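A note on names: the letters A, B, ... follow the listed sequences, proteins ahead of strands, and every chain is numbered from 1. It should be emphasised that the depicted structure is a prediction, and the values quoted were computed from it without experimental measurement.
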2 protein chains.
Amino acid sequence: MLSKKTRYAIKALVVMGKNFGNEPMQISRIAAEEHIPKKFLEQILLDLRNAGLLYSKKGAGGGYSLIKDPKEIVLAQVLRITGGPIALLPCVSLNFYQRCEECMNEETCGIRDVFMEVRNASLKILTETSIADVIERENTLSDSKTVI
Amino acid sequence: MLSKKTRYAIKALVVMGKNFGNEPMQISRIAAEEHIPKKFLEQILLDLRNAGLLYSKKGAGGGYSLIKDPKEIVLAQVLRITGGPIALLPCVSLNFYQRCEECMNEETCGIRDVFMEVRNASLKILTETSIADVIERENTLSDSKTVI
DNA sequence: TATAAAGTATATAGATTTAGTAGTCTTTAT
DNA sequence: ATAAAGACTACTAAATCTATATACTTTATA
């Protein structure tokens, strides 16, 4: 399961994605709109900023905005920044690899082999889906709900 | 990430799968072979037994064995029994569904839509892969390592 | 039939992680 | 000068996970 941190991060990026091109958004506004604890969101946005995803402006009239086009920000990257694991086993993770202590031979481990496949399948979707795609899906879903 | 509980469960089932058709195996033997804390494994095997995957025999000469053919036991089922989540979001889980508190409209949520896709991809592999398949993969990997 | 081997069941402790809060500092517009 | 806003660090509370402990039941067999 993704942590709340990761979920909040994606939510915030989607909101800022919708706002792309306009004035920066204040943390408090995002927090209120998305029902995210403000202080928690503060930390998360800081991480996203330090990872190069966000531009921030201090002082009165300041706030956050995307530094890149929403099309360029891919979910896999967000998960990695916020520490949300993509792989289901540490021995299969590309960015957070760790050997399984109990495992005798990693190279011939059948379990590992299966979960590498699972990781590849998930990763494919997550690297192909951008914040812009998420917004587009939202629009498509809303439209299909509103029957004309 | 899968919990150790889930990992140990799969490992134990694979060992018992290799032993399928023979005498039941003692917990202590499985624990020793797979480097799993015995008392912890005890609880796990009990869960697998109560879920109908294992046959157990008490008393001297007792132990555990698979109640079904290893081909019939699929990884998705094991994850579910041991509480290992397949979905990355609770609102997308088939067996452990929970509404996302911060979410305003689940039906039009683009994030949810993406992670449903991820779940479907993972689930497909995990319902198509049995304990027997894991064992077979192990053999294939071992063979390809041993160059003749 | 006593004993040891083995599973059953529940409780609990310890460690780790997650989620959230608090407080102080820095920058900037007005 | 002041207020608005982000930056940074520290801390706490709760939840979860991993593991251990203890007591009980069943069964083979000497």
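- The closest side-chain heavy-atom distance from B/Val118 to A/Thr129 is not below 4.5 Å.
- Here CD of A/Glu34 is found 13.0 Å from CZ of A/Arg7. Values are rounded to the nearest 0.5 Å.
- The distance from atom CG of A/Leu46 to atom P of D/dC8 is 5 Å, rounded to the nearest whole Å.
- Rounded to an integer number of Å, the gap from CE of A/Met1 to P of D/dC17 is 11 Å.
- Using a 4.0 Å cut-off between a side-chain N of Lys or Arg and a carboxylate O of Asp or Glu, A/Glu138 and B/Arg112 do not qualify as a salt bridge.
- Between B/Ser56 and A/Lys5, the residue anchored closer to the 5' end of DNA chain C is B/Ser56, taking for each the nucleotide with the nearest heavy atom.
- Nucleotide C/dA19 holds its C1' atom 14 Å from the CG atom of A/Asp47, rounded to whole Å.
- Distances from the side chain of A/Lys4 to the nucleotides C/dA19, C/dA9, D/dA19 place C/dA19 closest.
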*Just by protein heavy atoms under 4.0 Å, how would nucleotides 21-30 of chain D read 5' to 3' in B, S and -?*
BB--BBBS--

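- Within 6.0 Å of CD in B/Glu136 there are 12 or fewer heavy atoms belonging to other residues, nucleotides or ligands.
- In this structure, the side-chain hydrogen bond (donor to acceptor under 3.5 Å, both in side chains) partners of B/Lys5, at least two apart in sequence or on a different chain, are B/Asp47.
- With respect to B/Leu54, the side chain to side chain contact (heavy atoms under 4.5 Å, CB included) criterion is satisfied by exactly one of B/Leu66, B/Leu46, B/Ile67: B/Leu66.
- Listed by residue number, A/Pro37 are the residues of residues 21-38 of chain A with a heavy-atom contact under 4.0 Å to DNA chain C.
- Per the geometry, CZ belonging to B/Arg7 stands 13 Å off P belonging to D/dC17, to the nearest Å.
- Comparing atom distances between the B/Tyr8 side chain and each of D/dC8, D/dA19, D/dT18 picks out D/dA19 as nearest.
- Using a 4.5 Å heavy-atom cutoff, the side chains of B/Cys103 and A/Lys11 are in contact.
- Here B/Lys124 does not pair with A/Glu117 in a salt bridge; the nearest charged N to carboxylate O distance is not below 4.0 Å.
- The CG atom of B/Asn50 sits 13 Å away from the C1' atom of C/dT10 (whole-angstrom rounding).
- Per the geometry, CD belonging to B/Glu101 stands 14 Å off C1' belonging to C/dT18, to the nearest Å.
- The separation between B/Phe40 atom CZ and C/dA11 atom P is 18 Å, rounded to whole Å.
- Rounded to whole Å, atom C1' of D/dT18 lies 13 Å from atom CG of B/Leu41.
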*asked:* Please evaluate residues B/Ser142 and B/Asn139 with respect to the criterion side-chain hydrogen bond (donor to acceptor under 3.5 Å, both in side chains), reporting the C-alpha separation (whole Å), side-chain torsions for both, the decisive distance (0.1 Å), and the verdict.
replied: CA-CA 5 Å; B/Ser142 301; B/Asn139 293 334; 5.4 Å; no

